[in-house]
Amino acid sequence: MDAKLLKPYNPKETENKIYKLWEESGFFNPDNRPEWAKNKETNKNYNKIFSIILPPPNATGVLHLGHILEHAIQDSIIRYNRMRGKQTLWLPGTDHAAIATDSKVTKMLEKEGLKKKDMGREKFLERVNEFVEGSRKTIVSQLRKIGASLDWSRQAFTLDEKRNFAVKTAFKKMYDDGLIYRGSRIVNWDPKGQTVISDDEIVYEERKAKLYTFKYSKNFPILISTTRPETKVGDTAVAVHPNDKRYKNYIGNSYVVKDFCGVKLNIKIIADETVEKDFGTGALGVTPAHSITDWEIADRHNLNRPQVINEYAKMTVNDERLKEKKTTEAREIIVEWLRNKKLLEKEEETNQNVATAERTGGIIEPLPKLQWFVDVNKKISDRNNKSFKELMLEPVQNGKIKILPDHFVKVYYNWIENLRDWCISRQIWYGHRIPVWYHEPICIPKIGKERQISKCLEMIVSVEKPICEHCDAKYIQDPDTLDTWFSSGLWTFSTLGWPDINAPDLKKFHPTNIINPGYEILFFWVARMILMSQYLIKEIPFKMVYLHGMLRDTKGQKFSKSLDNGVDPINIIEEYGADALRMSMIVGIGPGADAKFDIQKVKAYSKFANKIWNVARFVLDNTKDFTFPKTPSYDTEDKKSDEELKKLITEITKEMEEYKFYIVAEKLYHYFWHTFADIIIERAKKKILTNKNADSAKILLYTHLTTLLKILHPFMPFVTEEIWQIINSRRKVVIPTETSGLLMIEKWPFDDVQGKLC
RNA sequence: GGGCGGUUAGCUCAGUUGGCAGAGCGUGUCUUUGACGUAGACAAGGCCACAAGUUCAAAUCUUGUACCGCCCACCA
């Protein structure tokens, strides 16, 4: 008897050793396959490929329990498919998470008393890289701790050189196809972070606000309501609903307001369907430059768009009372002015949803800015005149891409329908620099050549830094960086060798089989991967989107730093073992379902690991001197048990293919404990003791153990592998040698069972 | 305002085509030279949120109600 087996199962002493064994075997890499899987005769899945690209964790910090949930699912899928004999790739990587990382490092530096601007771009980026490198190391070691069978030889980073080349290539192609444009449009400006952010990076906070009702001047015929009087110096119209009888006669009129707190206004009365008749006075003061809906109204009615607020949320109008004042101060000044002029009709309390930046908390100031956009509506000629919107919809509609749970399909459609052009430029330093180059303002004549200034190109979109052919001036790169999701969108194929369309990995492993993110990034990421993949390589990025839910604490709250309710998964693994933690994340948690994390569940499965261990001890102890007959035969009840296990295998294999891991894991737990241990072992004890049908019992014990180890392995890889290794060390002596080596690359028993049953 | 999800044992949650209500933890009783005390055996505990409907049969399907939660829109 192996001395180890005499003690209770100790994951701490086992897991690192086992992971090393796996890693050194090279079998995480699909290029290395076990002998049986290389053989068409023994492997039905010989030609099949199975690939998952890991949703890259943000390099801003360490992994939390939510990640473990994600990784436990993926590793189980990967291990299962590897055992089925497929060429199985699970590719690891991390995400540079531009804004998140940038703002995190900025805060860290502020604590040291350092300012980003004083440091300069280069120095700042050095610090960011240093920080990210540290984070990445932690993440990688955490992934190893939970037993993730990732192919480390293919590790990628969203901001490494290869991915940067992919990003630049994608940008250029999109620009050349007219799908990326530079335009002055209203954007969500974050004055605190000094950058543009996308619609998806906004969070709304409900606050109390005052709603003011007033006229622009004594003669003005219509009262309007606003919570932001300071923006009214930028008004160019008053919009009313076309059916609103109160205002019908005014539609089309224009009024000059000579002095609105020192500013001259030109107000046209227009009719627009978007105006709510019942809100306020039913008339909306239109401020095109500082409200997104007003900007769109201005589009429809051809209005001027004077800007009255700048990037620092300060007023830019010429009136000395207002100039350079913060918007909040300007608001008071204008309200006071309205009061004095007796133009203010009403002040009332109202609830307002204030747009704030997710990462910095700054209040969003909508501003017109020159930014880069992806046109989501433009027809793409070499994609059958389909737009990005259509390219994103199509594969989900025709079922090429399945989403689990399927009610997210509707949510996905709904998001695409309401999608506006995607603003991809960010005014932060950390990220992929936009591959656009501007000619220096002054041309420098080439020595010995004639000046041909008129031929100098002002702007070039190029993967490499361009050189001016006509003068000696330099090109200067656009200072902006790209939205982090631009590079994430390329992830399934930039990791496989794209833009080299002949890259062997790309040909072999794309489209990937399944992607497994949380539902909260369905739009951010999943949609953008579909967009990029459909457009750049005319292929879906994955066949299945298995969305997982959120993990919350026992009170049902999100895990967050501000609540300080975070749990370090590594501590849990140290105490209970990775297998236990993994099982607790899988059993009973269906796709898309939020779950409360309960340490009791982990404890329960650590007991289960020990149970498996003890069962192994019993079985090995009772079969140690037994010589297996060439053709095993069972008595009636053992034969029934053998069939029952085969039935279980058929069942769970089907369920694995249907992504019902949460049911499979539970079934295995239940069968192992309450059928194998409680019934079969108890029965075997009697048979062995009385020596009646003892051989049948021993064969059943051994086959049950080895088979159950195999099918438990995807869920509890460490304890099952450790036992397998102990069995291996004895196998040559007594037990038939149908297997050897690692459990990780053993054959999943399904095909054998099918063969025998049929 | 629009959309989605949830409500099952004291707690956390499963329950796949409708067919005697399940697990873990917790609780109670019993069992220790025996694979396992990080244990085993047994047990208690549920009008499956509420109401109506379809059906031989409903936790499951339909409709409505209540409460909890999430997402999207952003009302000026």
Side-chain angles (χ1 to χ4, degrees), chain A residues 1 5-10 199-200 202 204 206 209 211-213 224-229 231-232 235 238-239 274-276 278-287 290-294 297 350-355 364 366 405 407-415 417-419 519-520 522-523 549-550 552 554 556 558 576-577 580 583-584 587-590 592-622 651 654-655 658-660 662-663 665-667 669-670 673-674 677-678 681-682 684-685 689 701:
Chain A
M1 175 60 54
L5 263 182
L6 294 173
K7 288 182 275 175
Y9 176 58
N10 184 341
D199 293 347
D200 304 303
I202 290 178
Y204 288 92
E206 188 163 296
L211 182 68
Y212 301 95
T213 301
I224 59 163
S225 300
T226 184
T227 51
R228 299 199 59 192
T231 63
K232 297 291 106 182
D235 281 14
V238 165
T274 58
V275 179
E276 291 278 336
D278 302 326
F279 187 89
T281 60
L284 163 67
V286 181
T287 322
H290 300 287
S291 151
I292 289 170
T293 46
D294 292 6
I297 292 174
T350 180
N351 285 326
Q352 192 192 19
N353 278 332
V354 178
I364 297 304
H407 66 256
F408 277 103
V409 168
K410 271 194 204 164
V411 181
Y412 179 78
Y413 290 159
N414 190 40
W415 178 79
E417 273 159 34
N418 296 317
L419 190 62
Y519 57 70
E520 74 279 3
L522 177 63
F523 311 137
M550 295 237 318
R552 298 166 186 281
T554 43
K558 276 188 183 181
Y576 299 103
M583 272 299 265
S584 77
V587 174
I589 303 177
D594 290 346
K596 287 178 192 166
F597 178 76
D598 188 353
I599 193 70
Q600 294 303 335
K601 204 171 167 187
V602 182
K603 268 187 198 169
Y605 290 107
S606 73
K607 284 184 187 174
F608 181 50
N610 195 49
K611 186 77 179 178
I612 299 172
W613 189 253
N614 290 319
V615 164
R617 177 191 307 145
F618 176 83
V619 172
L620 294 182
D621 207 25
N622 280 283
E651 230 174 81
K654 185 170 166 265
E655 281 159 348
E658 290 166 353
Y659 306 100
K660 291 175 181 163
Y662 53 107
I663 291 172
E666 191 172 11
K667 271 189 185 168
Y669 170 87
H670 205 247
W673 204 306
H674 300 296
D678 290 357
I681 287 186
E682 290 306 317
K685 279 183 193 169
L689 208 67
L701 286 179

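Below, read A as the first sequence line, B as the second, and so on, with proteins coming before strands; counting in each chain starts at 1. Predicted model only: the values in this text are computed from it and were never measured.
Rounded to the nearest Å, the gap between the C1' atom of B:C48 and that of B:A14 is 13 Å. Straight-line distance between the C1' atoms of B:A41 and B:G37: roughly 14 Å, to the nearest whole Å. Taking the P atom of each, B:A44 and B:G6 are spaced 31 Å apart, rounded to whole Å. Comparing the same atom, C1', in B:C20 and in B:A58 gives a spacing of 14 Å after rounding to whole Å. Only the P atoms considered, B:G69 is 27 Å distant from B:U16, to the nearest whole Å. Spacing of P atoms, B:U65 relative to B:G1, comes out at 14 Å, to the nearest Å. For the P atom pair drawn from B:U31 and B:A52, the interatomic distance equals 50 Å after rounding to whole Å. Rounded to whole Å, the separation between the C1' atoms of B:A59 and B:G15 comes to 8 Å.
The distance from atom CZ of A:Phe608 to atom P of B:A23 is 15 Å, rounded to the nearest whole Å. Atom CE of A:Met583 and atom C1' of B:G24 are 11 Å apart (whole Å). Separating the CG atom of A:Leu620 from the C1' atom of B:A35 is a distance of 10 Å, rounded to the nearest angstrom. Look at CZ on A:Phe279: it is 11 Å from C1' on B:C74, rounded to the nearest Å. Separating the CG atom of A:Asn610 from the P atom of B:G40 is a distance of 10 Å, rounded to the nearest angstrom. Atom pair A:Ile681:CD1 and B:A39:C1' shows a separation of 13 Å (rounding to whole Å applied). Taking atom CG on A:Leu6 and atom C1' on B:G37, their separation rounds to 17 Å, with Å as the unit.
For the pair A:Lys232 and A:Asp235, the salt-bridge criterion is met [side-chain N within less than 4.0 Å of a carboxylate O]. Taking a cutoff of 4.0 Å between a charged side-chain nitrogen and a carboxylate oxygen, A:Lys654 and A:Glu651 do not qualify as a salt bridge.
In this structure, B:C50 forms a base pair with B:G64, meeting either the Watson-Crick or the G-U wobble geometry with both donor-acceptor distances under 3.5 Å. Checking B:A39 for Watson-Crick or G-U wobble geometry (two distances, each under 3.5 Å) identifies B:U31 as its partner. In this structure, B:U17 makes no Watson-Crick or G-U wobble pair, since no nucleotide meets both defining distances under 3.5 angstrom. The partner of B:C25 is B:G10, judged by Watson-Crick or G-U wobble contacts that both fall below 3.5 Å. In this structure B:C70 sits in a base pair with B:G3, meeting the Watson-Crick or G-U test at under 3.5 Å.
One N or O donor and one acceptor, one from the side chain of A:Lys685 and one from the base of B:A35, sit under 3.5 Å apart. Between the side chain of A:Lys601 and the base of B:C25 there is no donor-acceptor pair of N/O atoms closer than 3.5 Å.
Contact between the side-chain N/O atoms of A:Trp673 and the OP1/OP2 oxygens of B:C36 is not found at any separation under 4.0 Å. Taking only side-chain nitrogens and oxygens, A:Lys596 never comes nearer than 4.0 Å to OP1 or OP2 of B:C11.
If you check every strand for non-hydrogen atoms under 4.0 Å, A:Glu682 touches a base. Across all strands shown, A:Glu666 has heavy atoms under 4.0 Å from sugar-phosphate atoms exclusively, and none from any base.
Both A:His674 and A:His407 lie close to RNA chain B; mapped to their nearest nucleotides by heavy-atom distance, the more 5′-ward contact belongs to A:His407.
Each of A:Thr281, A:Leu284, A:Thr350 was compared with A:Ser225 under the side-chain contact (heavy atoms from CB on, under 4.5 Å) criterion, and only A:Thr281 meets it.
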